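Position 1 is the first residue of the sequence, and the numbers go up from there. Fair warning: this is a prediction, and the values are worked out from it, not measured in the lab.
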Amino acid sequence: MSTKIRQPKAKFGELAMKAGVITLEQLNAALQKQLADGPWRALGDVLIEMGCCTRADIDMILEVQSRLQSPEGYDAATECEANGREFLA
């Protein structure tokens, strides 16, 4: 199944959920913490601090996010599968 998509502004949290790295509840909690701590904190750092994911997970999501914004699009499922995750389209 091809999941080649192009998103001009792919949101980190949504991608992390689609990759199965975090749940909606974890995302909401991290966003609340980020808001309380200060918006300059990267969401990925907040998620790591909360124990929701690893640096490798964050790096994978950032790679997917970067490639989704490329002009030719990107097969997000391939990147996620290479990192042991299933991309939920």
Side-chain angles (χ1 to χ4, degrees):
M1 176 174 91
S2 177
T3 54
K4 205 166 220 186
I5 52 179
R6 183 180 187 286
Q7 295 181 336
K9 294 184 180 179
K11 293 185 178 181
F12 179 88
E14 290 175 3
L15 291 174
M17 285 192 316
K18 286 184 177 185
V21 173
I22 61 171
T23 65
L24 178 59
E25 293 78 19
Q26 289 170 322
L27 174 59
N28 286 333
L31 289 170
Q32 289 287 329
K33 181 163 179 44
Q34 182 187 40
L35 184 62
D37 292 351
W40 60 86
R41 289 204 58 206
L43 183 58
D45 291 338
V46 174
L47 289 164
I48 291 171
E49 180 181 297
M50 293 173 58
C52 298
C53 58
T54 66
R55 174 54 56 193
D57 292 329
I58 298 304
D59 292 343
M60 187 239 343
I61 297 303
L62 290 172
E63 179 67 21
V64 168
Q65 185 180 42
S66 172
R67 290 185 182 199
L68 283 173
Q69 295 174 15
S70 71
E72 62 275 349
Y74 177 63
D75 187 354
T78 301
E79 183 73 28
C80 291
E81 288 171 8
N83 287 282
R85 302 281 185 180
E86 178 182 353
F87 188 81
L88 307 173

Is there side-chain contact between R55 and D45, with heavy atoms separated by less than 4.5 Å?
yes
From CG (L43) to CD1 (I58), nearest 0.5 Å:
7.0 Å
Who are the side-chain hydrogen bond (donor to acceptor under 3.5 Å, both in side chains) partners of E49, not counting sequence neighbours?
K33, R41
Report yes or no: does Q65 contribute a side-chain atom to a donor-acceptor pair with the main-chain N or O of A10 at less than 3.5 Å?
yes
If hydrophobic residues (ILVMFWY) are linked whenever their side-chain heavy atoms come closer than 4.5 Å, directly or via other members, who joins L35 in its cluster?
none
Roughly how far, to the nearest 0.5 Å, is the OG1 atom of T23 from the CG atom of N28?
8.5 Å
Atom pair CD (Q32) and CG (L27), whose distance is rounded to the nearest 0.5 Å
10.5 Å
From K11 atom NZ to M17 atom CE, the distance as rounded to the nearest 0.5 Å
10.5 Å
So which heavy atom on A16 is nearest to which on I61, and how close?
CA-CD1, 3.8 Å
CG on L24 to CD on E14, rounded to 0.5 Å
10.0 Å
Which atom pair, heavy atoms only, marks the closest approach of Q34 to A42?
NE2-C, 4.0 Å
Could you list the cluster mates of V46? Members are the ILVMFWY residues connected by side-chain heavy atoms closer than 4.5 Å, either directly or through other members.
M50
If you round to the nearest 0.5 Å, how far is CZ of F12 from CG of L62?
5.0 Å
Could you tell me which residues satisfy side-chain hydrogen bond (donor to acceptor under 3.5 Å, both in side chains) with S66, sequence neighbours excluded, listed by chain and number?
none
By the definition side-chain contact (heavy atoms from CB on, under 4.5 Å), identify the one residue from I22, V21, I48 that meets it with D57.
V21
